[in-house]
Amino acid sequence: MGFNYKTTAFAASGLAQEAMKKPSLYTSYAIAFVLLAATMTALVFFVIYPNEFRLQSMVTSRCGSRPSSSSLSSFVEPVTPEPDFRLLIGILSLPDSYERRHLVRDVYALQPGVANARIDVRFVFCNLTKEEQRVLVAMEIMLYDDIIILDCAENMDNGKTYTYFSSLPKMLDGGGRPYDYVMKADDDTYFRLQLLAESLRKLPREDMYYGLITPCLNWRARDHYMSGMGYVLSWDLVEWIATAETPRNHQVGPEDKVMGTWLREARRGKNEINMEPVMYDYLEGEPRTCYRHELVPDTVGVHMLKNNWRWATALKYFNATVGLKPSNLYHMS
Ligand SMILES: *[C@@H]1O[C@H](CO)[C@@H](O)[C@H](O)[C@H]1NC(C)=O
Ligand SMILES: *[C@@H]1O[C@H](CO)[C@@H](O)[C@H](O)[C@H]1NC(C)=O
């Protein structure tokens with residue numbers, strides 16, 4: 001069927017080109033025929049393959065790149081309701097961290113799509129520096145299209161987060177507000193998208209600063225800020241970072257703490273949302289932070305998944321793989 005569809009479309013467009021060369025009565029017949037053929041094919045395709053359309057829109061909502069305007073998705077638009085909100089999750093990564101990126105990508109791909117929300121997960125790093133990266137990272141982009149490369153030299157506490165937030169308005173410039181919220185996350189944090197979305201859905205869309213209050217969950221600490229495990233800013237704050245002087249002039253230091261300083265000095269981010277105790281550090285091992293505890297059922301995000309064992313423990317607890325189908329081809333024992 002897919003093959004027939006392509007053949008028809010090809011033949012029809014050939015006909016239209018032919019007709020355009022010789023304007024005549026034939027032209028209007030040809031155009032009518034083309035329109036009819038196109039409508040019929042679309043109709044047949046939609047009736048026989050409704051699932052393909054649903055799949056496409058699901059994929060768009062989960063891992064589409066910036067608001068796309070492909071003909072297929074615009075065809076689908078009337079059926080797909082506008083999302084309640086759009087969230088970009090930028091996971092800071094390093095070009096060479098192929099294995100971790102692969103794991104984290106799988107973890108998010110395996111989570112079911114969130115209804116009425118658009119959540120885009122992207123990996124963010126600075127300039128490539130090796131020839132092999134130019135091939136291996138290109139391959140990832142061709143397959144997954146989920147990578148953002150900023151104009152910077154790789155660093156952790158030397159302005160990468162500033163570059164990330166301040167580059168977005170230009171990178172995503174398509175007119176209007178591309179996202180309602182933007183998150184910066186670490187690649188050792190596991191977010192459960194369904195619960196994250198439920199918590200965000202009812203929150204303010206302006207001047208919002210969401211995460212886990214640090215140090216030690218102390219709101220009253222004058223210099224408190226949201227832990228770098230993953231915090232969310234509303235889009236107006238992202239735009240502010242891109243243009244304001246305070247952030248531009250003060251980029252060096254622990255990135256999460258620096259973010260808190262910018263906002264406090266500018267009296268911004270007044271809608272502070274603290275997600276303790278459903279955002280926390282993994283209990284075992286180091287470091288012994290004061291916001292680490294056992295895994296809990298309503299977890300939004302758990303941090304310090306520094307190795308595969310910890311990832312596996314968390315994923316098992318959250319039933320990530322219970323859907324595995326039995327097969328003669330493998331066994332898990
Ligand atoms: C990053 O790469 C771009 C494009 O090649 C280049 O113009 C820019 O100078 C580089 N930036 C740094 C900090 O190396
Ligand atoms: C995982 O599945 C078990 C068995 O169905 C259930 O009791 C448990 O609550 C689930 N865990 C989470 C975190 O949802």
Side-chain angles (χ1 to χ4, degrees), residues 90 92-97 103-104 106-115 119 122-142 145 147-173 184 189-199 212 229-230 241-242 247-253 255 258 275-284 291-305 309-326 332-333:
L92 299 201
S93 176
L94 296 170
D96 282 341
S97 302
L103 170 64
V104 172
D106 283 358
V107 159
Y108 287 112
L110 201 55
Q111 295 193 32
V114 177
I119 302 181
R122 298 287 179 269
F123 297 95
V124 179
F125 39 79
C126 293
N127 280 9
L128 306 181
T129 52
K130 301 181 196 160
E131 277 314 302
E132 71 189 43
Q133 293 166 350
R134 296 191 176 93
V135 177
L136 302 185
V137 170
M139 196 164 72
E140 282 182 76
I141 295 176
M142 289 166 79
D145 199 12
I147 285 176
I148 296 175
I149 305 183
L150 305 169
D151 176 355
C152 51
E154 214 43 81
N155 69 86
M156 190 152 97
D157 289 328
N158 210 3
K160 182 172 178 181
T161 298
Y162 171 77
T163 311
Y164 166 52
F165 283 111
S166 64
S167 304
L168 287 176
K170 215 173 262 166
M171 286 181 139
L172 299 173
D173 185 24
K184 175 257 144 181
T189 308
Y190 175 47
F191 278 101
R192 296 169 79 211
L193 301 182
Q194 187 67 47
L195 283 96
L196 175 67
E198 274 166 30
S199 71
L212 173 73
M229 69 183 278
I241 293 170
R248 190 164 51 239
N249 296 335
H250 176 193
Q251 298 181 29
V252 180
E255 59 89 18
V258 166
M275 294 307 287
E276 187 251 335
V278 292
M279 279 174 66
Y280 53 96
D281 276 359
Y282 187 86
L283 180 62
E284 283 111 56
Y291 41 81
R292 56 185 202 141
H293 59 73
E294 300 263 357
L295 298 167
V296 291
D298 49 357
T299 297
V300 168
V302 52
H303 180 222
M304 288 292 167
L305 304 180
W309 168 258
R310 291 187 187 183
W311 274 99
T313 308
L315 292 165
K316 181 164 190 228
Y317 179 85
F318 296 116
N319 294 328
T321 56
V322 290
L324 180 72
K325 288 196 196 79
M332 290 290 137
S333 50

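Atoms considered below: every heavy atom in the structure, side chains included; atoms not considered: hydrogens, waters and symmetry mates. Counting begins at 1 with the first residue of the sequence. Note that ligands are numbered from 1 as they come in the structure, with each ligand's atoms numbered from 1 the same way.
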If you count only heavy atoms, which residues are under 4.0 Å from ligand 1? Asn127, Asp151, Cys152, Ala153

Strictly distance-based, threshold 3.5 Å: is any side-chain N or O of Arg310 a donor or acceptor partner for the main-chain N or O of Glu284? yes

Has the side chain of Gln111 got a donor or acceptor atom that lies under 3.5 Å from a matching backbone atom of Phe191? yes

Does Tyr190 use its side chain to pair, donor to acceptor, with the backbone of Ala314 at less than 3.5 Å? no

Side chains of Leu305 and Tyr282: does their closest heavy-atom pair fall under 4.5 Å? yes

Are the side chain of Asn158 and the backbone of Val252 linked by a donor-acceptor contact shorter than 3.5 Å? no

Give the atom numbers and elements of ligand 2 that come within less than 4.0 Å of a heavy atom of Asn319. 1 (C), 2 (O), 3 (C), 8 (C), 10 (C), 11 (N), 12 (C), 14 (O)

Kindly determine whether Tyr291 and Asp281 satisfy side chain to side chain contact (heavy atoms under 4.5 Å, CB included), including the steps that lead there. CA-CA 6 Å; Tyr291 41 81; Asp281 276 359; 3.5 Å; yes

Ligand 2 and Arg192, any nitrogen or oxygen pair closer than 3.5 angstrom? no

When rounded to the nearest 0.5 angstrom, what is the spacing between CG in Leu195 and CG in Asp298? 7.0 Å

